[in-house]
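Take a look at the structure below.
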Amino acid sequence: WEAIDAETDEIESARMDAYRTVLDALLADYPDDVESWLARGNAEEYDPDGKGQSGYESTIPYYSEALKLDPNHPGAHHYLTHTYENLRRYEEAVEHASIYAKLAHGAPHAQHMYGHVLPRVGEWDQAVVQFEKAAAVEQAYYENESIPPHMDWHHIHNLTLLGWAYERVGRMEDAKRTLREAFELPVDGWFRGAFDHVNYVNLLVLMGATDEATEAAQRLIETGGNAGKTMGFSLMGQANLGAGNDDAAQSALEQAESALAALKEETAGTVREWAIDETATYVETLRALLNAHSDDPMLQYVGQKSLRDLTESMTSGSSFDGWGEGYLRVAGILASLKQAGLTSFADELRALRDENPQ
């Protein structure tokens, strides 16, 4: 934890090196200790706060050694699922996720992780089943232990991915119901709330539900701090643009740009600085759509180029956490272009999106 909370990258690196040295010495004395192999694999991840989620090639030997000692260790299968997903070795990720789900059948995350990787091998319907299983296990746990669902971070995360999966298989009303449930859950802190709640607004924009999207975006603006304002104004503008209200969309863009500037000032030099790039893509999307709608050929060219770049980046992630949201957002872009009569360009972007297997 001292490494994770380090003040600078240099201190973090030095502390992680010391931690790895201690674990190597421990393994030299106790080579049959499974948990030490898993801890050493965690320590090898690119993100010291990864906790098994940030593995790459260098972590495989440690997790594999743990499996040699205990072939049925759920943690080892869990970490290898993430590792192979990160490496885009999806068949291997599915293999380990399947075993993990069977070994830890009462753990919501085990069912969730199987659903997490199934779409990458084309098994969308089964992914829905797995996310639904995770939700059912969670609900039973909350009722048995009298725990409010919003107290568990995993609940809103699983609902979000379930909503994405519903949308992908065409169950739009189920997607709307599920993402609205996630949207209505209270979240500890405005910053997390902004990113956990934005997906419902994205779906409403995709569905062309202008009034509902505007109302939900306003709630995001009011409760999500500068991140929520940036995304909320951007999506409000996109909803208005789809409805043919270009002036309202332009006004929303200006407000989103102002909120993004405030977010940059607020998060500069902090651990939340990553949020700048994430929220900036919402502003870039609205700006690009406005340009693509323009009568000026040069602005059209700029807007279309930006939308191509955004489509590629939004759907290029290795993990469902990234490209699942990206797919939903690109679907919203396609809907906005179609509503504006830019059907041929929408078809071009759809083909570009589908080059990245979903």
Side-chain angles (χ1 to χ4, degrees), residues 52-53 74-75 77-78 80-82 84-85 90-91 93-187 192 195-204 206-207 209 216 317-329 331-332 357-358:
Q53 301 176 75
H77 287 291
H78 179 198
L80 282 169
T81 299
H82 281 292
Y84 286 124
E85 182 184 38
Y90 298 116
E91 295 285 352
V94 168
E95 177 184 352
H96 287 283
S98 175
I99 297 171
Y100 177 38
K102 292 173 184 175
L103 290 172
H105 54 84
H109 189 64
Q111 308 312 315
H112 171 92
M113 276 309 302
Y114 192 20
H116 207 275
V117 294
L118 281 167
R120 287 303 207 179
V121 295
E123 297 291 342
W124 277 97
D125 288 331
Q126 185 59 38
V128 168
V129 170
Q130 290 304 130
F131 292 136
E132 288 176 337
K133 282 184 180 180
V137 175
E138 285 178 340
Q139 192 60 43
Y141 170 65
Y142 304 145
E143 292 175 1
N144 187 55
E145 300 293 333
S146 299
I147 295 174
H150 74 270
M151 298 297 292
D152 180 8
W153 73 269
H154 190 270
H155 185 54
I156 195 170
H157 177 62
N158 186 69
L159 286 175
T160 297
L161 270 61
L162 175 57
W164 293 344
Y166 279 143
E167 184 275 328
R168 186 62 175 84
V169 299
R171 294 170 58 176
M172 296 303 292
E173 288 305 315
D174 286 330
K176 183 178 180 181
R177 169 183 53 78
T178 303
L179 291 179
R180 182 174 181 84
E181 181 181 347
F183 183 76
E184 296 293 348
L185 285 172
V187 176
R192 252 198 64 204
F195 292 97
D196 284 336
H197 289 157
V198 71
N199 294 284
Y200 178 58
V201 193
N202 275 319
L203 182 72
L204 293 173
L206 162 60
M207 296 177 72
S318 61
S319 169
F320 196 178
D321 293 0
W323 64 261
E325 179 184 354
Y327 189 96
L328 181 64
R329 291 180 60 191
Q358 304 296 326

Applying side chain to side chain contact (heavy atoms under 4.5 Å, CB included), run through L162 and H112 and close with a yes or a no.
CA-CA 9 Å; L162 175 57; H112 171 92; over 6 Å; no
Steps toward side chain to side chain contact (heavy atoms under 4.5 Å, CB included) verdict (R177, D174)
CA-CA 5 Å; R177 169 183 53 78; D174 286 330; 3.1 Å; yes
Donor-acceptor contact present, side-chain S98 to main-chain V94, <3.5 Å:
no
Drop me the distance from R180's CZ to T178's OG1, to the nearest 0.5 angstrom.
12.5 Å
Kindly compute the distance separating CG (L328) from CG (L179), expressed to the nearest 0.5 Å.
7.0 Å
Can you establish whether the number of heavy atoms outside E145 located under 6.0 Å from its atom CD is more than 12?
yes
Name all pairs fulfilling the salt bridge (Lys or Arg N to Asp or Glu O under 4.0 Å) condition that reach into residues 121-134, sequence neighbours left out, sorted by first residue then second.
E132-R171
Give me the ring orientation class for H78 and H82: parallel if the planes are under 30° apart, tilted from 30 to 60°, perpendicular past 60°.
tilted
When you compare the side chain of L203 with that of L206, does any pair of heavy atoms fall below 4.5 Å?
yes
Closest heavy-atom pair and its distance - P119, W323
CB-CH2, 3.8 Å
Atom CG of L161 and atom CZ of F320: how far apart are they, to the nearest 0.5 Å?
4.5 Å
For M151, I'd like to know if atom CE has over 12 heavy atoms of other residues, nucleotides or ligands within 6.0 Å.
no
Shortest non-hydrogen contact from V137 toward G106
CG1-O, 3.3 Å
Looking only at heavy atoms, which two atoms of A216 and L204 are closest? And how far apart?
CB-CD1, 3.9 Å
Less than 4.5 Å apart, any side-chain heavy atom of V128 and any of R168?
no
Treating Y142 as the side-chain partner and H150 as the backbone partner, does any N or O pair qualify as donor plus acceptor under 3.5 Å?
no
Shortest non-hydrogen separation from A101 to A110 and the atoms involved
CB-O, 3.7 Å
Are W124 and F131 close enough that their ring centers fall under 6.0 Å?
no
A175 and E167 have their tightest heavy-atom pair at CB-N, 3.7 Å
Does any part of the side chain of V187, heavy atoms only, come nearer than 4.5 Å to the side chain of I156, both counted from C-beta?
yes
Could you tell me how the ring of F183 sits relative to the ring of H197: parallel (under 30°), tilted (30 to 60°) or perpendicular (over 60°)?
perpendicular
Among H157, H155, H154, the one residue meeting ring-ring contact (aromatic ring centres under 6.0 Å, His included) with H109
H154
Atom pair CD (E181) and CG (L159), whose distance is rounded to the nearest 0.5 Å:
4.5 Å
Between A97 and V117, the two heavy atoms sitting closest are CB-CG2, 3.7 Å
Value rounded to 0.5 Å, distance of CD in Q111 from NE2 in H105:
9.0 Å
Value rounded to 0.5 Å, distance of CD in E85 from CZ in R120:
8.0 Å
